[in-house]
2 protein chains.
Amino acid sequence: MPRTKEFDPDVALDAAMELFWSRGYEATSTADLVEHLGIARASLYATFGSKHQLYVRALDRYIQSRDPLVVETLSRPGPALPAVRELLEGFVREATGEQRERGCLVVNAAVERLPGDRVVARCVESSWNTVEVALTSALLRAKAQGELRDGAEPRRIARFLLVFLEGLRVVGKGGWDERHLRDAVTEALSTFA
Amino acid sequence: MPRTKEFDPDVALDAAMELFWSRGYEATSTADLVEHLGIARASLYATFGSKHQLYVRALDRYIQSRDPLVVETLSRPGPALPAVRELLEGFVREATGEQRERGCLVVNAAVERLPGDRVVARCVESSWNTVEVALTSALLRAKAQGELRDGAEPRRIARFLLVFLEGLRVVGKGGWDERHLRDAVTEALSTFA
DNA sequence: TAAATACTAGATTGATCAGTCCAAATTGGG
DNA sequence: CCCAATTTGGACTGATCAATCTAGTATTTA
């Protein structure tokens, strides 16, 4: 009977995610991965198949661990617009906090790997779609609860917000201070809120 | 007396810009560059020094060739808000046209090279600052000409628009159709226009 | 204990990397 | 013509790349 696995693949996956997140796909070597994952080279290939498959699984883990938080934030009962505001403020915190320089792995992956990498493209589109749907849902609720001005179109606002959010993740890589980002958010919210 | 240079460095620089723009820094090899620049390996190094220096010069050339167009668009006499709208629509065209998949070299450079590459960081910040200043200038003019609602703050709106613009360049890499992007732009403009 | 599996470290492969060097060919000015 | 400078193609370096393989060590179940 087989010996049980010793290392936790999810722990290794987290370590890989950190590396790819910080350095990108091309700039992360398998030697880096072997060193930081704490498992032998052969185990890495036996478990994950290839560098690219490991990258995709790390990206997927990133998405699976973060998108639900966005959905939860936007799905809380009660007024919807404060939840949207809180989401934006969370993005500002991420874009100015300790891990500002890493940006967002989904954006990094999209910029580095698209359009050539169709697998990554699918992950990126899926994640962005999740956020767009969650935003649309929250804004439809906001409209039904009378939180939006007459004539506001939730689907359109959701698309606008998604673009703005991705912009935040990019601009965060440059050295914008928090006040400037807050200005931008204030203005973005003033569109409809 | 010295023999005159035979190839035009700017032509070679354009070719390098195209390559780095399409593939990124890491994924572009010096062999690729030699092939596409149409000059010998030795000439490449004699003229540009290193792959990194060539990259920075290509990035700089990209910025120098595009930022002035943004500034011009936003500096036309007359009403300022139509110029802002035209700028956004131009970004949408770029994000849906033939070269959609390449994105924006400045954004690509920021995502791939920051925060480690300080030289690239300087280029990126410079370019974004140029756009922010041009936007601020146009919006100040708009305010003075009574195109903005009372209480509108040009500097804040400019920061907001810059974030939104960078978002457009990222989302363009995913397969968003033009209608969705136009929705987002419409909503962005409705903030103040 | 014995078979089966998981894991390790490290050697190895062939390709590719950025960058250097060189000899030969080319082109200009004096 | 002749010297100086430029360009060329290709050889070359040492490093690193992703990926495979080997040999041996641990750990489990039967």
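A note on names: the letters A, B, ... follow the listed sequences, proteins ahead of strands, and every chain is numbered from 1.
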Check the pair F20(A), N108(A) against side chain to side chain contact (heavy atoms under 4.5 Å, CB included), reporting the backbone distance first and the verdict last.
-> CA-CA 9 Å; F20(A) 284 129; N108(A) 296 358; over 6 Å; no
Examine dT8(C): is either OP1 or OP2 under 4.0 Å from a nitrogen or oxygen in the side chain of S43(A)? Give yes or no.
-> yes
L33(B) CG - dT16(C) P separation (whole Å) = 16 Å
Any idea how H52(B) and Y55(B) line up, ring-wise: parallel (<30°), tilted (30 to 60°), or perpendicular (>60°)?
-> tilted
For A42(A), which contact category applies under a 4.0 Å heavy-atom criterion: base, sugar-phosphate, or nothing?
-> base
Does R57(A) make a cation-pi contact with F48(A), if we ask for NZ or CZ under 6.0 Å from the ring centre and within 45° of the axis?
-> no
From CG of L44(B) across to P of dT20(C) the rounded distance in Å is 11 Å
L135(B), V71(B): one ILVMFWY side-chain cluster at the under-4.5 Å cut-off?
-> no
Summarise how protein sits on nucleotides 11-18 of chain D as a single string, 5' to 3': B when a protein heavy atom is under 4.0 Å from the base, S for sugar-phosphate-only contact, - for no contact.
-> B-----SB
CG (L105(B)) and CZ (R61(B)) are apart, to the nearest 0.5 Å, by 12.5 Å
Measure from CG on L54(B) to P on dG19(C) and round the result to the nearest Å.
-> 10 Å
Using 4.0 Å as the upper bound for N to carboxylate O, is an ion pair formed by R169(B) and E94(B)?
-> yes
Which residues share a ring pair (Phe, Tyr, Trp, His ring centres under 6.0 Å) with F160(B), sequence neighbours left out | F160(A), F164(A)
Give the stems involving DNA chain C, where a stem is 3 or more consecutive Watson-Crick or G-U wobble pairs (i with j, i+1 with j-1, and so on) under 3.5 Å.
-> C:1-30 with D:1-30
E35(B) has an atom CD; how far is it from atom C1' of dT16(C), in whole Å?
-> 15 Å
Test item: E187(A) and R159(B) side chains (from C-beta on) under 4.5 Å apart, heavy atoms | no
I39(B) atom CD1 is separated from dT26(C) atom P, nearest whole Å, by 19 Å
